[in-house]
Amino acid sequence: MLLIDLARTSAAVAADSARLAKIRHLAELLGRVEPGEAEIAIAYLSGELPQRQIGVGWTSLRDLPDPRLAATATLGQVDDLLSRVKSQAGPGSQTARKALVTELFAALTTPEQTFLSRLLRGELRQGALEGVMIEAIAKAAGAPAAEVRRALTLRGWLPAVGAAALSGGVDALRAFRLEVGRPVAPMLAQSATSVAAALDKLGGPAAVEWKLDGVRIQAHRSGDTVSVFSRTLDEITAQVPEVVEAVRACPATDLVLDGEVIALRADGRPAPFQITSGRVASRTDVDKARRTTPLSVFFFDALRVDGADLLDLPGEERHAALTRTVPAGLIAPRLVTGDAASGEAFFAEVIRGGHEGVVVKSLQTPYAAGRRGAGWIKVKPRHTLDLVVLAAEWGSGRREGWLSNLHLGARDPDGGGFVMLGKTFKGLTDELLTWQTERFLALAEGPTDSWTVAVRPELVVEIAFDGVQRSSRYPGGMALRFARVIRYRPDKTADQADTVETVRSLMV
DNA sequence: TTCCGACAGTGGGGTCGCAAT
DNA sequence: ATTGCGACCCCACTATCGGAA
């Protein structure tokens, strides 16, 4: 199959807003792809690469060569070249990558260049990624989408699942099994504003469990062999020896566990997320990193214990298996309750302990990738501040033509000015985007660069955030984590905004 | 007919490792 | 030695479609 076929399909998908029409376009293409190229086609049209990452980003894709007029590139050829790009390493590799990318793009027509460039930048913008591709695979293979989803949970990689479905139908999908040593797609959580709301959503007793502000891990053990994977299914075994040892110490020798690693201080309270994140990312001298910043692991789910696959069992049965297998000190603390008051009290206690929040978990739901079923619901406390808009950046994609990303500042009573604490683009409706674009242009003090418009510091906006972290980027030495807009405060003037000192008092 | 679950899109701060400067 | 870049850790929110109620 030619790359131009995918480029055309992608354009057709983008042109139709109806999801069913997108699915039709994708399924039609899947119906005529050869088995040997199915994985490539599925990967590209769901916005990913078979190579996962190839070391080429936005910057490397500037100034591409002139396009050709004839479309001749096959999927196999493109895939081979991208593999060569990925394999470059050592001194001169960036130049070599760039040369290969240039060679590749020089062989493509304009629509092919557009498609591939978007794909490599991770901005396909066709309104269809994995979720829609699942439906398209189901349609093309004549199989229920639920079977595709189940296989995806077990296999963790949609192109492999899709290729199997296209060639072998439902039987091939049902043949996927949990394999120890191969990561499973992790189950994710929805969110709610309170434990009571979460319990209400689940409609009955549920487990209220510590949510640790660390890094998600999945541990596999077969005999003495232990592998640990990240949320994106990258192998991180070498970076987390504490997890390997903890799993080896369990009595069961055939295991798949889901959990979180976190750096705890000597007093048992959690270290800031930056510390845990840095520790897990360290690969060069793990022994030294380990001495400085030891990791603790807390498991909260068991997907396999001693030959038994547990994914389809209710949450409570999986948890029972976990408690039978793993020492109590390695299990995330939880309270099973249907009572909102007890749940809220437990939540308050977890927060007093310095932790991030809780996850309220259904006792019934099986383990499934993605957010389907809403079996897990996270609850975190929310802080708010009234801050001043210092500048705004022009948006991209569907926000093109709108001033979107806000620069936020706290009042500095000493200096008389404002100290920038970060940016946010979240929480804005289209209506608000329209309003603020007009308003900012009226308050403009001229662009600071081609995409930023500085405004007179007069508008006060209420901002929600999860916490204040240390920052080397901003002048106050601190930045807001997960900042989002709640509402503008036309009733307030800039001299009534919150101060830097207030923000500093919130820093852990 | 209305409601709501799932999805895609739009970006946020921070850290590490590596190549280039 | 420093800087720029890619990759990955954490992520919240709105708009939209279409099946469920």
Side-chain angles (χ1 to χ4, degrees), chain A residues 13-14 16-23 46-47 52-60 88-98 120-135 145 149 188-191 201 212-217 230-234 236 239 260-262 272-284 289 356 370-374 378 380 382 393 395-400 402 404-408 421-433 464-474 478-486:
Chain A
V13 168
D16 269 314
S17 67
R19 197 166 299 157
L20 294 176
K22 293 177 192 290
I23 292 167
S46 46
R52 300 207 49 186
Q53 303 299 338
I54 59 167
V56 170
W58 205 89
T59 316
S60 320
Q88 302 301 313
S93 61
Q94 283 187 16
T95 313
R97 280 204 171 102
K98 178 91 184 161
L120 294 180
R121 284 194 314 240
E123 296 180 336
L124 214 46
R125 287 179 178 159
Q126 59 179 17
L129 293 170
E130 195 173 84
V132 176
M133 181 57 85
I134 286 171
E135 301 287 337
R149 289 205 178 86
L188 305 177
Q190 297 192 334
S191 55
K201 241 187 214 179
L212 293 141
D213 193 9
V215 172
R216 181 87 175 263
I217 55 105
S230 71
R231 208 185 88 133
T232 49
L233 311 187
D234 293 294
I236 55 167
Q239 288 129 271
E260 188 96 357
V261 286
I262 185 168
F273 173 74
Q274 287 148 302
I275 302 293
T276 297
S277 172
R279 166 58 216 278
V280 173
S282 294
R283 282 170 288 169
T284 45
E356 191 183 16
R371 325 188 78 191
R372 281 156 300 101
K378 59 184 160 185
K380 299 190 281 184
R382 194 191 78 168
E393 296 173 17
S396 61
R398 80 177 293 284
R399 289 195 176 188
E400 189 149 5
W402 276 326
S404 169
N405 201 2
L406 308 180
H407 295 198
L408 304 166
L421 293 171
K423 309 179 189 179
T424 186
F425 57 91
K426 297 171 183 164
L428 299 164
T429 59
D430 289 359
E431 191 185 358
L432 212 44
L433 284 163
F465 58 100
D466 277 24
V468 180
Q469 32 183 17
R470 287 187 191 286
S471 170
S472 56
R473 173 180 315 212
Y474 291 109
M478 48 192 181
L480 302 182
R481 189 164 180 214
F482 308 144
R484 60 266 191 192
V485 171
I486 300 297

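Values in this document were obtained by computation on a predicted structure and should not be read as measured data. Numbered from 1 within each chain, the chains take letters A, B, ... in sequence-line order.
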So [X], base contact, sugar-phosphate only, or nothing? Heavy-atom distance under 4.0 Å.
X: A/Glu123; result: nothing
X: A/Gly47; result: nothing
X: A/Ile134; result: nothing
X: A/Arg19; result: base
X: A/Val56; result: sugar-phosphate
X: A/Ala483; result: nothing
X: A/Asp430; result: sugar-phosphate
X: A/Thr276; result: nothing

If you only use heavy atoms from C-beta on, which nucleotide in [options] is closest to the side chain of [X]?
X: A/Asp234; options: B/dG13, C/dG6, C/dC9; result: C/dC9
X: A/Glu356; options: C/dC11, B/dG13, B/dC7; result: C/dC11
X: A/Glu393; options: B/dG12, C/dC17, B/dG17; result: B/dG12
X: A/Arg283; options: B/dG17, C/dT16, B/dG13; result: B/dG17
X: A/Gln53; options: B/dG17, C/dA7, B/dG12; result: C/dA7

Original post:
Partner of B/dC7 by Watson-Crick or G-U wobble geometry, both contacts under 3.5 Å, or none?
Top reply: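 Looking at the geometry, B/dC7 pairs with no nucleotide.
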Subject >> Distance (rounded to the nearest 0.5 Å) between A/Thr232 OG1 and A/Arg52 CZ >> reply: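 A/Thr232 OG1 to A/Arg52 CZ: 5.5 Å, rounded to 0.5 Å.
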